[in-house]
Amino acid sequence: MQQNDSIHAMRHSLAHIMAAAITRLWPEAKLGVGPVVEHGFYYDIDLGHQTISTENFKRIEKEMRKIIARNEAFEYFELPIDEALAWATTAKQPYKEQLLNDLKREGTTSMSGLDSEQVGVATENPSKVEKVSFYRNGDFVDLCRGPHVESTGKVGAFKLLRIAGAYWRGNENNPQMQRLYGVGFATDEELQAHLHQLEEAKKRDHRKLGKELDLFTFSDLVGQGLPLFTPRGTIVRDLLGALSQGLQAAHGYQRVTIPHITKTDLYKKSGHYDKYPERFNVSSVESTDEFMMKPMNCPHHAQLYASRPRSYKELPIRYMENTMVYRDEKAGELHGLSRVRAATQDDGHVFCTVEQIEDEFTSIMTMIRQLYDVFGMQLRARLSFRDNSDTYLGEPELWDKAQQTIEAVAQKLGLDYFIAEGEAAFYGPKIDILVTDALGREWQCATQQLDFVQPMRFGLTYTSQDGSEQQPVMIHKALLGSFERFMAVYIEHTEGRLPFWLAPEQVRILTINDSVESYVDKITTILSKTLLMEPVKYNELRFTTDMRNESLGKKIREAVALKIPMQLIIGPKDVVAKQVSVRMHNKEVTVPLDELSGFIVKESTM
RNA sequence: GCCGACAUAGCUCAGUUGGUAGAGCAGCGGUUUUGUAAACCGCGGGUCGUGGGUUCGAGUCCCUCUGUCGGCUCCA
């Protein structure tokens, strides 16, 4: 704890030193805020029409080092609020003035609960704070809550990393400032280790690996956020889909199929139309109706349910479909496969009675756990419940009962969970699953949501045991979530080294010379009869043969670059010994020809 | 969408103060028949992302558009 406090003070002090250095280099700089963030700090600066680029970092760092070398003390002092305001005016620091106005009026600079018009506005009312604190080092003075290290010499190791635009107080109507980011650590070793870690993360970037492993690509002509999957990438997608659907089939889900464009009327009736400004409209369909690309599948599945009268005896009805949805995400939000405009969901909808919710949630949670066990990923559940606001539709008693059920399921299954009040959708509570990747980052993948509203809007019913008409509850669920996002997460998690069952090319035969051709025929006959049943059923072995007139070294190099998990090296010695030399990521063994098939099946599950 | 940076051969990149493009790998042809991460020789390949402008002359300078990357959540 002690150490956390001291590193925090170091980083905060570095923010001040950076601001001091910039003020020295650009005396007209207007300062915003300069907080501590994970691994470092930033400061928001307004230089008017001038721009700072990363080329200026050396100059700024040099100036910072001078301040550090002078080992100036950080002196604390307080000023009455009105004197502080006078200081801001004299120092020509309008952003500081706004912060002081907020302090005077609200007693805090936190904007939560404030109308945006109020932020930064002066008040004539009595101040909520009497005095505000300042820190001074050398001739640089800044409004600051602290804490700081004793003097500028005690800030550890730092490096300026990047620069970005950021709106003053996060509001896009405000002036945009330049945000300079730096990292800071107690020792140079820690700094170097951090920079090294950043390099490692870069190596795992799924956009880079996707290209190297020939999994997917993008095209300017097709458009932003619209990935194209190569044959290899498509194999991975299909297998992920097969795994998800295999699990679901075992839990009573049936596949359905719907078209990808729809009359907008469908989404007007479901209530999604107004909630989805990022829809893709399709204007040239020859009809008086307006059409759009589907941003979600639930209304369609609801129409399948509504296609004929339903009895309580049929429930639960469970539909599943791996299908693409289209959303016009903001251009700046797009990022490789993790945020796209065409995303494939392993979507599913359950129509059931209120009494059946518990069993269905248990079943869905069980599938999610089975799925992420296969990937070896840890998960955490966020139970998104309603708060006391009136934005939620449906009977409050139903909500309470459902939320109790959901938490009971989480407890029963021993989930690592937490409750997020106010995070529920307007139509019902949900469980979102967060998975942690190898770099410790958390991603939202699987989700399951209760929906009280769509059955109502679409007038879905079933006939109950006593002959009365009842409304079913709808459950939305996705196990992988979006295939695209999951692939991004999983590629980075595994560094592109996909497990054997999922590798697009599982085995490559590498020949040493062309005297082994007929022996290779025997091997391919064995491989083509080898079938994997776990974790996806009837998974035929995917293999190729490299008989090119190239050196073995080169063939190995290429196979390794594609992260093909198993290479069979075949030369004259192997022919004589009736064996195969098997080369894998971490080991190399020789296997008798008649044991090859069994060996591969065994290795595939490890 | 907004701010900043970037866009040169299939890939990774070089291209000096403006004087109409280079390397390695990949590809193709030949030689080589090879035992654990790149054999050798040769050849072809680029409207320098798009459109416009400045200039005698633009990959290089200016503008537009498209795309890519980093941010736009962290609150004295």
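Letters A, B, ... mirror the listed sequences (proteins, then strands); counts begin at 1. Computed from heavy atoms alone, side chains included, the values below leave out hydrogens, waters and symmetry copies.
- Side-chain atoms of A/S551 come within 3.5 Å of backbone N or O of A/K554 as a donor-acceptor pair.
- One can place CD of A/Q98 at 13 Å from C1' of B/C75, the figure rounded to the nearest angstrom.
- Pairing for B/C2 is with B/G71, a Watson-Crick or G-U wobble pair whose two hydrogen-bonding atom distances lie under 3.5 Å.
- Separation of the P atoms belonging to B/U64 and B/C40 is 49 Å when rounded to the nearest angstrom.
- Taking atom C1' on both B/C41 and B/C13, the two are 25 Å apart, rounded to the nearest angstrom.
- Just one residue in the list A/F140, A/F74, A/Y76 forms a ring-ring contact (aromatic ring centres under 6.0 Å, His included) with A/H148, and that residue is A/F74.
- Taking the C1' atoms as reference points, B/U60 lies 31 Å from B/C43, given to the whole Å.
- A cation-pi geometry, defined here as NZ or CZ lying under 6.0 Å from the six-membered ring centre and within 45° of its normal, does not hold between A/R341 and A/Y326.
- Distance from the side chain of A/D220 is smallest to B/G67 among B/A37, B/G35, B/G67.
- Closest contact between the side chain of A/A166 and the listed nucleotides B/U66, B/C72, B/A76 involves B/C72.
- In a base pair of the Watson-Crick type (N1 to N3 plus N6-O4 or O6-N4) or a G-U wobble (N1-O2 and O6-N3), with each distance short of 3.5 Å, B/C13 is matched with B/G22.
- Going from the P atom of B/U73 to that of B/U16 covers 38 Å, rounded to whole Å.
- When distances are taken from the side chain of A/S551 to each of B/G35, B/A76, B/A39, the shortest belongs to B/A39.
- Separation of the P atoms belonging to B/G4 and B/A9 is 27 Å when rounded to the nearest angstrom.
- Which of B/C72, B/U36, B/U33 sits closest to the side chain of A/N513 comes down to B/U33.
- Whole-Å rounding puts the A/D546 CG to B/G35 P distance at 15 Å.
- Taking 4.0 angstrom as the limit, A/Y181 places a side-chain polar atom (N or O) nearer than this to OP1 or OP2 of B/C72.
- Between the CG atom of A/D514 and the P atom of B/U31 there is a distance of 14 Å, given to the nearest Å.
- OP1 or OP2 of B/U68 has not a single side-chain nitrogen or oxygen of A/R207 nearer than 4.0 Å.
- For A/H335 and B/G70, the shortest distance from a side-chain N or O to OP1 or OP2 is below 4.0 Å.
- A/E329 has a carboxylate O that lies under 4.0 Å from a charged side-chain N of A/R339, or vice versa, which qualifies the two as a salt bridge.
- Looking at heavy-atom distances under 4.0 Å, A/R179 makes contact with sugar-phosphate atoms alone, never a base.
- Regarding contacts with the backbone of B/U12, a side-chain N or O of A/K211 is found under 4.0 angstrom from either OP1 or OP2.
- At a threshold of 4.0 angstrom between heavy atoms, the contacts of A/S219 with the nucleic acid are absent.
- Note on A/D574: a base of the nucleic acid sits closer than 4.0 angstrom, heavy atoms only.
- If you check every strand for non-hydrogen atoms under 4.0 Å, A/E550 touches a base.
- Here A/H194 and A/F185 bring their ring centres to under 6.0 angstrom of each other.
- Searching all strands for a Watson-Crick or G-U wobble partner of B/G27 with both distances below 3.5 Å returns B/C43.
- Note on A/G553: only backbone sugar-phosphate atoms sit closer than 4.0 angstrom, heavy atoms only; bases stay farther off.
- Comparing B/U55 with B/U17, their P atoms sit 23 Å apart, to the nearest whole Å.
- Atom-to-atom, CG of A/L562 to C1' of B/A37 comes out at 13 Å; the value is rounded to the nearest Å.
- A salt bridge is absent between A/R204 and A/D437; no separation between the charged side-chain nitrogens and carboxylate oxygens falls under 4.0 Å.
- If you take CD1 of A/I45 and P of B/G4, they are 16 Å apart, rounded to a whole angstrom.
- Looking at heavy-atom distances under 4.0 Å, A/E588 makes contact with a base.
- Using a 4.0 Å cut-off between charged nitrogen and carboxylate oxygen, A/E505 and A/R542 do not count as a salt-bridge pair.
- Comparing the same atom, C1', in B/G10 and in B/G51 gives a spacing of 26 Å after rounding to whole Å.
- A 3.5 Å limit on both hydrogen-bonding distances identifies B/G49 as the Watson-Crick or G-U partner of B/C65.
- At least one side-chain nitrogen or oxygen of A/K554 sits closer than 4.0 Å to the OP1 or OP2 atom of B/A26.
- Nucleic acid contact class of A/V36 (heavy atoms, under 4.0 Å, all strands): sugar-phosphate only.
- Note: OH (A/Y42) to C1' (B/G4) measures 17 Å, nearest angstrom.
- Within the shown strands, nothing qualifies as a pairing partner of B/G35 under the Watson-Crick or G-U definition with both distances less than 3.5 Å.
- Heavy-atom nearest nucleotides on RNA chain B were determined for A/I556 and for A/Q224, and the one closer to the 5' end corresponds to A/I556.
- Rounded to whole Å, the distance from CD1 on A/I570 to P on B/U36 is 15 Å.
- Rounded to the nearest Å, the gap between the P atom of B/C2 and that of B/C61 is 24 Å.
- When side chains are defined from C-beta on, A/L143 does not count as touching A/Y95, because their heavy atoms never get closer than 4.5 Å.
- Atom pair A/L226:CG and B/U68:C1' shows a separation of 15 Å (rounding to whole Å applied).
- Taking the nucleotide of RNA chain B with the nearest heavy atom to each of A/D205 and A/M177, the more 5' of the two is matched to A/M177.
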